[in-house]
Amino acid sequence: MPVPRGPRPFPRALPHWRAGLLLSLLLLGMGGVLLRDVQLQCFQTRALRAQGRMRYLQTRPLPAGRGMIYARNGDPLAVNVPAVTLWVDPRIFRQHQSQWGRVAQVIGMSPLELSTRVRQGGADFAYLRRQVSPSLGKAVRALGIPGLYVQATSRTYYPLGAMTTPLLGLVHLDHQGAADLELGYNQWLAGRQGRERVLVDGQGQVLRVLQEAEHPQPGHNLHLTIDPQIQYWAYMTLLAAQQHFGAKLGSAVVMNVHTGQILAMVSVPSCNPNGRGSCSDPLDYANNAVHQAFEPGSVMKPFMVAAALTTHSIQPDQNFNVSHCLPVGGFCIRDDVVHHELNVAHILKYSSDIGAAKIALRTPREAIYDMYRAVGFGQAPGLGFVGETGGVLPDWHGWGRARHATIALGYGVSVTTLQLAEGYAAIANGGYHVRPTLLLDQPVQRRRIMPAGVANRLRRWLEGVCAPNGTGILAAIPGYRVAGKTGTANMANGKDGFLHNETNATFVGFAPGFAPDLVMAISLRASKRYWNFGGVESAPVFRVTMRHALEEMNIAPRWCGHRACVSQARNITATQAEIWAEGGGQ
């Protein structure tokens, strides 16, 4: 029997204010959205579009090639080779940290170093590797990790390696010169990078190049007077001498006596800039030929003699008693080898300090000073090296009797290896100073600084230095007449004294003697092994290098039968030659 149902309850009516509140909230929300839309569309349009362009429109640099450096024969000394730079966009790259281990393994970096580089980079840019091989870039591209990019660029490569590093210098990773010629001629060599605008996607990948805003402009090339073969022999022989005698540093310059063109300029120590991290010590790429000035010793004597002859302070055939020491300024000037009476030619041949001092004291101070200045001492060469020195040449007004005598012996004055080559070129070419140059096609700048008769007489006398019994016998080259001068100066100890076991060993010479074409200056500093005299240490560097240089220039030797002519004193032993050279130091 069905159960009767009771009456249904009447639904309770909602308060009228609730509907109004709900409607008001809806209207208020819609009004807020409308106001925000108006704000974005009308007032923030420019800023929002700029932010969008920042995300999807980017301006990226276009690297410009650096100018190349060539030798006189067209061989490249500094070239640009393809390379790549690896970089990341940290905002994107951080989203793929699970892949960082693969990246670190491929680019040869620890995960910690990779993380550090990403953290230390900018908000949207961080370098991982710069100027690495294109093969590494190809391997990185194959990973396909968003936010990791490979940019094509180039790096500087030096075909002669360490042989030219102190001359050419180095280049920073940003293609700007860091030292020596690369720095001095940076504005000429460095190109100007361009810019391009690109459209990228959300992962930073380039979708399209919109426009090239500015074309890259490559740098200009530099053509030097350097001869690669002469540069090679100069470096190799200088390096061998440095290692054998334990010199701290050394330099050598080969120059054409008629044009001033520098055919070789080398320094030791050096480093190979093509190996990463091999040139971390600035001493390894310092150009000692123009940056290091030193007391040269007896190689200064010919210029003092030139001043004496030019002013007629002495006669060419005059004799001087050198049997006793010469008291000057509280000490006695002595010779290493005792002689009795020497003429001017023999004073140069045996490098007599007593005879040279006596000639200097007969010559006006101003005349010696003017001759030193005329040949280039005390003046920077102006070859384009940043920080090149002119050495020290004190004004003649302040010379006392001791300075007057000893400055002719190469003490109290400092010069560079380049200046010595520059000075001796004037003796070799008949009395003209020629300005040294490293750039091809520069006009020859020369002026007469000494009478031709004086220069020719000195040239003949200096041939005797490289003859038997002369201090430069170890510079003699079979088949060629060689002229030159040795010099050895004890290094100052910084306490008004000298280090008796460390020397500046120098030799300057030119060849062939009857009509010189080439001059070469060699200096080895702080030598402290064996007989560290200029005639023993530096003269052999001249002999080996100059022989190859003369062959390179097709200057034939004199032939005696089927072999090159040699010295008439055939019974000279190496020990005798070293003994004669030992007397030519100071």
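Between Phe303 and Tyr424, the distance from one ring center to the other falls under 6.0 angstrom. Aromatic pair Tyr127/Trp87: ring centres not closer than 6.0 Å.
Residues Ile407 and Trp399 meet the side-chain proximity criterion, which asks for heavy atoms closer than 4.5 Å. Annotation: side chain of Asn80 is not in contact with side chain of Arg155 (no heavy-atom distance under 4.5 Å). The side-chain heavy atoms of Ser523 and Thr417, taken from C-beta on, include a pair separated by under 4.5 Å. Contact annotation: the side chain of Met300 approaches that of Tyr372 to within less than 4.5 Å [non-hydrogen atoms, C-beta and beyond]. Put simply, the side chain of Pro273 does not reach to within 4.5 Å of the side chain of Tyr157, judged on heavy atoms. Put simply, the side chain of Leu439 reaches to within 4.5 Å of the side chain of Tyr185, judged on heavy atoms. Put simply, the side chain of Asp517 reaches to within 4.5 Å of the side chain of His258, judged on heavy atoms. At a threshold of 4.5 Å between non-hydrogen side-chain atoms, the residues Leu474 and Phe542 do not count as touching.
Pairing each heavy atom of Ala428 with each of Phe510, the nearest pair is CB-CG, 3.7 Å. Heavy-atom minimum distance, Met265 versus Ile226: N-CD1, 4.1 Å. Listed here is the closest heavy atom pair of Pro302 and Val299: CD-O, 3.3 Å. In plain terms, the two heavy atoms of Tyr235 and Val268 that are nearest each other are CE1-CG1, 3.9 Å. Between Pro166 and Ala286 the shortest heavy-atom distance is CB-O, 3.5 Å. Across Leu383 and Pro436, no two heavy atoms sit closer than the pair CD2-O, 3.4 Å.
In this structure a side-chain-to-backbone donor-acceptor pair under 3.5 Å is missing from Arg141 to Tyr149. In terms of modelled atom types and a separation under 3.5 Å, the side chain of Asp281 and the main chain of Asp284 share no donor-acceptor contact. Panel note: side chain Glu537, backbone Thr506; no donor-acceptor pair is recorded below 3.5 Å. The closest donor-acceptor contact from the side chain of Gln229 to the backbone of Glu552 lies at 3.5 Å or more, if one exists at all. Checked by atom type and distance alone, the side chain of Gln419 pairs as donor or acceptor with a backbone atom of Gln379 at under 3.5 Å. Between the side chain of Trp100 and the backbone N or O of Phe93, at least one donor-acceptor pair lies under 3.5 Å. With Arg72 contributing its side chain and Asp227 its backbone, the two residues share no donor-acceptor pair below 3.5 Å. Judged purely by atom type and a 3.5 angstrom limit, Gln131 has no side-chain atom pairing as donor or acceptor with the backbone of Val84. A side-chain donor-acceptor contact under 3.5 Å links Ser278 to the backbone of Gly275. Between the side chain of Asn221 and the main chain of Met68, a donor-acceptor pair closer than 3.5 Å is present.
Between the side chains of Thr237 and Thr545, at least one donor N or O sits under 3.5 Å from an acceptor N or O. Side-chain contact annotation: Gln442 with Thr437, donor-acceptor N/O pair under 3.5 Å present. In the model, Arg66 has no side-chain atom that pairs as donor or acceptor with a side-chain atom of Gln176 under 3.5 Å. Between the side chains of Ser527 and Lys248, no donor N or O sits under 3.5 Å from an acceptor N or O. In this model, no donor atom of one side chain and acceptor atom of the other lie less than 3.5 Å apart for Gln151 and Thr85. Glu422 and His433 share a donor-acceptor pair across their side chains, judged by distance under 3.5 Å alone. A donor atom on one side chain and an acceptor atom on the other are not found under 3.5 Å apart for His223 and Asp441. Side-chain contact annotation: Ser298 with Lys301, donor-acceptor N/O pair under 3.5 Å present.
Here Leu418 contributes atom CG and Glu388 contributes atom CD; the two are 8.5 Å apart, rounded to the nearest 0.5 Å. Note that CG of Leu189 and CD1 of Ile69 are 5.0 Å apart. Values are rounded to the nearest 0.5 Å. One distance of note links OG of Ser538 with CE of Met520; it measures 9.0 Å at 0.5 Å rounding. With values rounded to the nearest 0.5 angstrom, Leu409 atom CG is found 5.0 Å from Asp353 atom CG. Between the CE atom of Met371 and the CZ atom of Phe377 there is a distance of 11.0 Å, given to the nearest 0.5 Å. Put simply, CZ on Arg481 and SG on Cys466 are 12.0 Å apart, with the number rounded to the nearest 0.5 Å.
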Starting from the C-alpha separation in whole Å, work towards a yes-or-no answer on side-chain contact (heavy atoms from CB on, under 4.5 Å) for Thr165 and Asn272.
CA-CA 7 Å; Thr165 303; Asn272 186 357; 5.8 Å; no
Determine whether Ile107 and Val140 satisfy the following criterion, side-chain contact (heavy atoms from CB on, under 4.5 Å), listing intermediate values before the conclusion.
CA-CA 8 Å; Ile107 66 177; Val140 169; 3.7 Å; yes
In sequence, state the C-alpha distance, the side-chain angles, and the governing distance for Asp395 and Tyr369, and then conclude on side-chain contact (heavy atoms from CB on, under 4.5 Å).
CA-CA 7 Å; Asp395 186 82; Tyr369 175 85; 4.2 Å; yes
Going through the checks in order, is the side-chain contact (heavy atoms from CB on, under 4.5 Å) test met by His548 and Glu551?
CA-CA 5 Å; His548 287 281; Glu551 292 175 356; 4.0 Å; yes
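A salt bridge is absent between Glu502 and Arg525: the closest approach of a Lys/Arg side-chain nitrogen to an acidic carboxylate oxygen does not fall below 4.0 angstrom. Ion pairing between a basic and an acidic side chain is recognised when a charged N comes within 4.0 Å of a carboxylate O; Arg117 and Glu113 show such pairing.
Checking each of Thr156, Leu167, Leu170 against Glu182 for a side-chain contact (heavy atoms from CB on, under 4.5 Å) leaves exactly one that passes, namely Thr156. Paired with Leu224 under the rule side-chain contact (heavy atoms from CB on, under 4.5 Å), one option of Leu168, Ile262, Leu263 passes, and it is Leu168. Results of the side-chain contact (heavy atoms from CB on, under 4.5 Å) test with Val266 over Thr164, Asn287, Leu238 single out Leu238 as the only residue that passes. Under the side-chain contact (heavy atoms from CB on, under 4.5 Å) test applied with Phe533, the options Thr471, Thr488, Thr486 reduce to a single match, Thr488. With Ile427 as reference, Leu458 is the one residue of Val257, Leu458, Val375 to meet the side-chain contact (heavy atoms from CB on, under 4.5 Å) rule.
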